[in-house]
Amino acid sequence: MLFHSTRGKDKNKTFEQVLMQGLADDGGLFMPDLWPSVDIERMKTFDSYIDVAKYIVPMFTDSSYAKDEVLQVLDNTWHNFECKHLIEINNLDDKNFVLELFHGPTLAFKDFGLQLAAAFFNKTLESQNKTAVVFGATSGDTGSAAIDACKEFKSIKSFILIPEGNMSSVQRKQMTTVDKSNIFPILADGTFDECQDIVKRGFKERSFISNDQYLLAINSINWIRIIGQICYYFYATLKINKFDQPINFSVPTGNFGNVFACYAASRMGMPLSKIIVAVNSNDILHRFFKQNDYSKRKVIETISPSMDISVASNFERLVYDFYLDSDSAKCRKLYSNFPEEPINIDDNIWSKTENLFLSYTCNDEETFECMKNFSNKFNQLIDPHTAVAYEAVERLKDQLHHNTVILATAHPAKFPDVLLKAGLNLKDMPERLKRVLNKKEVAESLSTSDNSIFDYIRKNN
Ligand SMILES: *Cc1c(COP(=O)(O)O)cnc(C)c1O
């Protein structure tokens, strides 16, 4: 299986090339040359997430690794989860289920994709006898998941920009209390967008790394992260109905990586009814699915900060595969003037949206209300991101047939201030977070308006 870019120019790439490169050279996103299809009867015999991963992951890696090597990697990939099966499924009633994806070491679903990424980064670096610098900006959970996933690998140094502003102090402390010599959290005096710009410049100039070193991206456009997420959609469907019926998934959405993984699973043969794209007040995706308006607006800070985006980077993959029938010339054209010009899909083509997608936008007030209602009704807490997805299901339930799975992407304890404001009481703080809260924070404070971040990386690389 080889990979190509949504914009057509970068193609015939191996898994390893796509893994180490991240974004395609022509500015597009990598896609597999074809969708592998699963044998559902075979999948019915599986029991665990790892069983599913051992079946799915090798479908994408055969251009670089023998199957046995991959299986060996997968035996040791996902670690430090709090529950035996990595994921818990919580039955709310006979139709609705919460897929708890927050039992990993950083208490958010991003551990699934980033632990897989780190395992294969390390495998590649070992086989090529090279080292790498991870460089990224985070608005919340990506940074901590990347730091945690890479911290035990000596060949990888991680430099993560933490913007001023909106993330929770728990999220920040997860990055600044790690205390490892290959981890460098940087408190940057700028917004998330300004940090992203620095990261983009870094990837262009590459001035702080040596010629034989890799510079690795951890943002959600890396195909490897999608693979790790595809696996839990199959796992959830297996556990809930053994693939006997199509199923709905409600996904709290930011950069669209998680939704795209759900879509990918359905392309590979998972019976799917509807995907509910649930967003906060940053509603570009809702505007698109509701009225074919994909135009960039300013970011609004919300109580679900990991979904505060102005454009959804993985959305290009859906445009290419679902709306444009894999026509890369059309995709390149659509994106050539974006975000200055909005993405305009022909109305006839856009109308197929309703076959698969529903969407909902939920502001902070509604999110607070939803967290309270959920607690009253089920005597459990959900985090503000999960609440957005739950609220969407409540609002859209007349349009939902079959079972519905709500993705719980973060543990509520990561957002103590939001809980407090909602008047909700966290009964037990997970041990792993308690440890973080009591540790001393260590981070370098640097400016985004000069070269000090690059100088700092050069000095410590
Ligand atoms: C990253 C994140 C999201 C958004 O996921 P995307 O794949 O970017 O759409 C939602 N919830 C939480 C808790 C996250 O950390």
Side-chain angles (χ1 to χ4, degrees), residues 29 98-114 116-117 136-149 160 166-168 170-172 174-175 192 196 217-230 232-233 249-265 275-286 288-289 299 302-318 357 359-362 367 371 381-392 406-415 418:
L29 277 67
V98 175
L99 188 69
E100 296 181 357
L101 298 169
F102 53 69
H103 296 289
T106 71
L107 297 100
F109 81 100
K110 291 193 171 79
D111 288 325
F112 283 94
L114 283 162
L116 185 64
T138 185
S139 62
D141 297 320
T142 308
S144 50
I147 286 173
D148 191 84
I160 303 295
N166 198 29
M167 81 181 59
S168 81
V170 176
Q171 286 177 307
R172 189 189 65 246
Q174 285 184 305
M175 293 183 271
F192 177 63
Q196 287 276 64
I218 39 118
N219 49 14
S220 66
I221 51 96
N222 199 313
W223 183 255
I224 186 88
R225 288 182 56 180
I226 306 278
I227 303 175
Q229 295 170 211
I230 288 172
Y232 57 63
Y233 287 101
F249 284 97
S250 182
V251 186
T253 301
N255 269 320
F256 208 73
N258 214 358
V259 172
F260 192 78
C262 183
Y263 171 81
I275 307 177
I276 302 156
V277 179
V279 299
N280 61 27
S281 296
N282 296 284
D283 65 351
I284 181 168
L285 287 164
H286 177 65
F288 175 79
F289 288 118
V299 176
T302 72
I303 57 169
S304 43
S306 299
M307 296 164 20
D308 291 352
I309 50 97
S310 58
V311 299
S313 45
N314 275 286
F315 181 63
E316 181 168 342
R317 289 190 161 116
L318 189 80
F357 293 98
S359 69
Y360 187 74
T361 171
C362 182
T367 309
M371 291 171 73
L381 298 180
I382 46 175
D383 97 288
H385 303 80
T386 307
V388 170
Y390 181 73
E391 182 68 11
I406 295 128
L407 268 66
T409 48
H411 193 291
K414 288 190 94 165
F415 303 93
V418 179

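Numbering of ligands and ligand atoms starts at 1, following listing order. The figures that follow rest on heavy atoms only: side chains count, while hydrogens, waters and symmetry mates do not. For clarity, every value in this text was computed on a predicted model and none was experimentally measured.
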Exam field: side chain Tyr233 to backbone Asn258, donor-acceptor pair closer than 3.5 Å: yes

Ser250 side chain vs Ala389 backbone, donor-acceptor pair below 3.5 Å: yes

Ser306: side chain to side chain contact (heavy atoms under 4.5 Å, CB included) partners, not counting sequence neighbours: Lys110, Asp141, Gln171, His385

Asp383 (side chain) donor-acceptor with Thr386 (main chain) under 3.5 angstrom: yes

Pocket residues of ligand 1, ordered first by chain and then by residue number (heavy-atom cut-off under 4.0 Å): Phe109, Lys110, Asp141, Pro252, Thr253, Gly254, Asn255, Phe256, Gly257, Asn258, Ser306, Met307, His385, Thr409, Ala410

Ser304 backbone acceptor or donor facing Asn280 side chain under 3.5 Å: yes

Plane angle bin for Phe357 and Phe256 - parallel if under 30°, tilted between 30 and 60°, otherwise perpendicular: tilted

